[in-house]
There are 2 protein chains.
Amino acid sequence: MQRRDFVSHGGLAAILATGAAPAIAQTLPEIRWRLTSSFPKSLDTLWGAAEFVAKRVGELTGGKFKITNFAAGEVVPGLQVLDAVQAGTVEAGQTAMYYYFGKNPAMAFATCLPFGMNQRQQNAWWYHGGGEQAFNEFLKPYNCVAIAYGNTGTQMGGWFRKEIKTVEDLKGLKFRVGGVAGAVLSRLGVVPQQIAAGDIYPSLEKGAIDAAEWIGPFDDEKLGFAKVAKFYYAPGWWEPNSMGHMIVNTKAWEALPKEYQAAFAAACGECNAVTMAKYDHLNPTALRRLVGGGTQLRAFPRAVMDACQKASLEQYKDWSEKYPEFKTMYASYSKYNKELTQWFRVAEGSFDNYMASQKG
Amino acid sequence: MQRRDFVSHGGLAAILATGAAPAIAQTLPEIRWRLTSSFPKSLDTLWGAAEFVAKRVGELTGGKFKITNFAAGEVVPGLQVLDAVQAGTVEAGQTAMYYYFGKNPAMAFATCLPFGMNQRQQNAWWYHGGGEQAFNEFLKPYNCVAIAYGNTGTQMGGWFRKEIKTVEDLKGLKFRVGGVAGAVLSRLGVVPQQIAAGDIYPSLEKGAIDAAEWIGPFDDEKLGFAKVAKFYYAPGWWEPNSMGHMIVNTKAWEALPKEYQAAFAAACGECNAVTMAKYDHLNPTALRRLVGGGTQLRAFPRAVMDACQKASLEQYKDWSEKYPEFKTMYASYSKYNKELTQWFRVAEGSFDNYMASQKG
């Protein structure tokens with residue numbers, strides 16, 4: 001399995017060249033890491049994943065490899081996790097790589113691309129399609145290794161005070177939306193707003209913005225958007241999946257005994273399975289509560305979806321011209337994505353659609 | 001996270017009551033386990049998962065907890081893994097719990113139910129919806145604990161020498177198909193055949209059977225069915241997901257230091273993510289090769305799907321009357337399944353369908 005090869009061996013030749021497995025026991029040192037997060041503790045799905053990894057690593061190493069979690073802002077601001085890990089201010093960070101698309105849009109491949117892969121497809125590309133290796137090669141100048149730890153699945157399209165019926169309705173719309181989606185939507189006249197989680201609700205309430213997207217029913221419900229915006233749209237085509245990563249400073253990683261590298265990587269891999277499952281567990285009941293409270297579910301009209309996809313493809317063309325790293329990774333990613341989409345039509349898609357067509 | 005609670009604590013009170021974390025190091029013993037599989041080495045997706053777990057456990061424990069893998073038939077026949085682990089003949093086994101539905105049909109909940117959950121839904125139920133706990137409670141009399149290690153995703157509906165156009169076409173059909181699906185299909189006149197992997201091809205070639213299902217494109221291609229049956233059907237509604245488990249003899253589990261329990265559980269959890277991804281990586285290209293070689297893809301007609309779903313629900317009613325364990329778990333499973341199906345329509349389903357509707 002290619003994933004295994006990377007995490008065990010990629011970039012770690014120096015360590016592994018030492019040869020035979022050391023005796024566990026006496027030789028293993030006490031190691032303490034600080035793991036800073038892009039997320040607040042209130043976002044218990046994602047924050048819970050960082051806690052899961054730290055706890056599991058402790059269990060795997062008899063408490064000798066101790067990781068302390070810090071929420072966004074405690075030691076490092078939420079959107080500066082990459083810089084802090086790169087500089088070695090902290091050993092590790094929990095983040096979404098697309099936050100750093102301003103440094104290079106190729107950062108987005110690790111998280112998601114608008115109209116790109118869904119969660120299963122992203123995992124396939126990452127673990128077996130060469131994604132993990134290609135992305136970590138790209139990440140080398142940032143002195144980090146990135147290990148996937150979880151996913152939100154397809155996100156929702158956000159909360160709107162007025163319905164979106166035509167492409168024209170996007171023009172001038174003040175929409176709190178993340179970086180990559182913002183770049184695409186601004187091509188259609190949207191005025192993207194960068195607003196921190198805690199400030200979205202008041203902005204929406206007083207009409208300073210017209211719409212806001214966050215994650216999905218469970219996380220969105222806690223921020224209270226339903227009270228100030230009636231229409232809840234799907235799908236969040238800009239995040240058909242959203243893979244999260246633990247990033248580790250390269251020197252800190254290479255200094256770990258290989259048992260501890262294995263512990264960190266295994267805990268992240270396990271967390272990837274259980275975090276996706278946690279979202280799938282929590283979202284259905286949250287959505288039911290929201291709809292029961294008056295939220296109106298809406299689907300983006302086909303013409304709006306088509307216009308957004310066209311704008312996305314234009315954006316990728318622009319980035320491919322300006323960033324060779326984006327161009328190379330996009331060529332591989334988009335071909336892989338197309339093949340997986342064709343396969344998903346056959347078994348997964350036809351079964352899911354049959355079940356979705358049932359009454360009730 | 002409930003999953004964590006189970007794997008760390010469920011049924012292990014005696015061990016955990018010893019209190020503070022022991023120093024790793026000197027106290028950890030050398031332990032050797034035999035892990036017998038229901039699968040042959042040629043099935044490298046599933047067999048590869050057993051190797052992955054054994055290797056990862058070795059890496060996590062500095063080689064002190066050594067697991068040796070045995071293929072089906074090497075020490076235990078493939079369909080007697082549960083009996084062997086229950087008796088303590090081997091410490092652990094890799095299997096699909098629905099193979100043992102003859103002991104109690106509730107065994108199937110750990111793997112899949114016809115017209116039941118897809119892979120994401122099964123993980124949600126298992127890790128967070130109480131599935132892992134409920135199933136392991138049920139499994140106690142078998143002296144085993146079951147830990148999920150992977151999934152195939154929605155399987156294909158198998159290889160048919162003639163097309164299935166109406167429900168009538170199922171009558172008298174000699175179909176190599178697994179136990180639970182066989183029970184359902186026999187209600188519609190199918191004559192289910194139990195045939196080991198290696199004997200399916202010759203049976204199909206000489207016309208002793210009319211159809212055969214196995215897993216999906218990558219695994220099916222290797223068995224050569226395409227040469228002797230032209231029509232390849234989807235979806236495999238009897239396996240909308242197929243979760244695999246490592247089962248461990250309870251005494252062997254309880255005798256493990258808790259670091260080794262954590263190592264085994266974490267390796268299985270990581271393997272769950274990477275095995276699903278491996279199938280998603282391998283199936284698309286295998287399907288392309290099959291179709292390029294003349295295989296005709298077909299979808300089961302709606303009327304056939306409806307009749308099969310009706311027969312499935314009747315079967316569950318029968319089993320609920322006869323087996324209290326089935327009744328209890330089915331009530332919980334089916335309610336959960338319904339909620340998740342509703343949610344999947346909104347974001348995942350609408351996005352996937354948009355992408356599936358693209359040309360090419």
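Only heavy atoms go into these numbers, but all of them, side chains included; no hydrogens, no water, no symmetry mates. So that the names make sense, note that chain A is the first sequence line, chain B the second, and so on, each numbered from 1.
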> When heavy-atom pairs shorter than 4.5 Å are enumerated against chain A, which of S350(B), S357(B), A356(B) gives the highest number?
Replying inline: A356(B)
> What part of Y336(A) gets closer than 4.5 Å to chain B, counting heavy atoms only: side chain, backbone, both or neither?
Replying inline: side chain
>> Only pairs of heavy atoms separated by less than 4.5 Å count here; which of Q155(B), M156(B), Q121(B) has the most with chain A?
In response: M156(B)
> Considering all heavy atoms of both residues, which atom of E259(A) and which atom of E59(B) are nearest to each other, and what is their separation?
Replying inline: CG-O, 3.4 Å
>> Under a 4.5 Å cutoff for heavy-atom pairs, which residue among N123(B), D280(B), N272(B) has the most contacts with chain A?
In response: D280(B)
> How long is the span from the CD atom in Q342(A) to the CZ atom in R288(B), to the nearest 0.5 Å?
Replying inline: 8.0 Å
> What part of A299(A) lies closer than 4.5 angstrom to a heavy atom of chain B: side chain, backbone, both or neither?
Replying inline: neither
>> Nearest 0.5 Å, please: how far is CG in D306(B) from CD in Q358(A)?
In response: 7.5 Å
> What is the distance from atom CG of N241(A) to atom CD of E348(B), rounded to the nearest 0.5 Å?
Replying inline: 8.5 Å
>> Testing the basics here: between R345(A) and M355(B), what is the closest heavy-atom pair and its distance to 0.1 Å?
In response: NH2-O, 4.5 Å
> Relative to chain B, which segment of A267(A) carries a heavy atom at a distance below 4.5 Å: side chain, backbone, both, or neither?
Replying inline: neither
>> Rounded at 0.5 Å granularity, tell me how far OH in Y279(B) sits from CH2 in W343(A).
In response: 11.0 Å
>> Quick check: closest heavy atoms across G269(B) and A273(A), and the distance to 0.1 Å?
In response: O-CB, 3.9 Å
>> Taking side chain as everything from C-beta outward and backbone as N, CA, C, O, which of these in F344(A) sits under 4.5 Å from a heavy atom of chain B? Side chain, backbone, both or neither.
In response: side chain
> Closest heavy-atom contact between A277(B) and A124(A)?
Replying inline: O-CB, 3.5 Å
>> For Y354(B) versus F115(A), what's the shortest heavy-atom pair and its separation?
In response: CE2-CE2, 3.5 Å
> Among G236(A), G153(A), G349(A), A347(A), which residue forms the greatest number of heavy-atom pairs with chain B at distances under 4.5 Å?
Replying inline: A347(A)
> Could you go step by step and tell me if N353(A) and N353(B) meet the side-chain hydrogen bond (donor to acceptor under 3.5 Å, both in side chains) rule?
Replying inline: CA-CA 9 Å; N353(A) 283 328; N353(B) 283 329; 2.9 Å; yes
> Roughly how far apart are W126(B) CH2 and H281(A) NE2, rounded to 0.5 Å?
Replying inline: 15.5 Å
> Looking at G157(B), P240(B), A263(B), which has the largest count of heavy-atom pairs under 4.5 Å with chain A?
Replying inline: P240(B)
>> Please give me the minimum heavy-atom distance between E270(A) and A265(B), naming the atom from each residue.
In response: OE2-O, 3.8 Å
> Quick one: OG1 on T275(A) to NE2 on H128(B), what's the gap to the nearest 0.5 Å?
Replying inline: 7.0 Å
> What part of Q122(A) is in contact with chain B, defined as an atom under 4.5 angstrom from a non-hydrogen atom: side chain, backbone, both or neither?
Replying inline: neither
> Looking at P284(B), P217(B), A234(B), which one has more heavy-atom pairs under 4.5 Å with chain A than the rest?
Replying inline: P284(B)
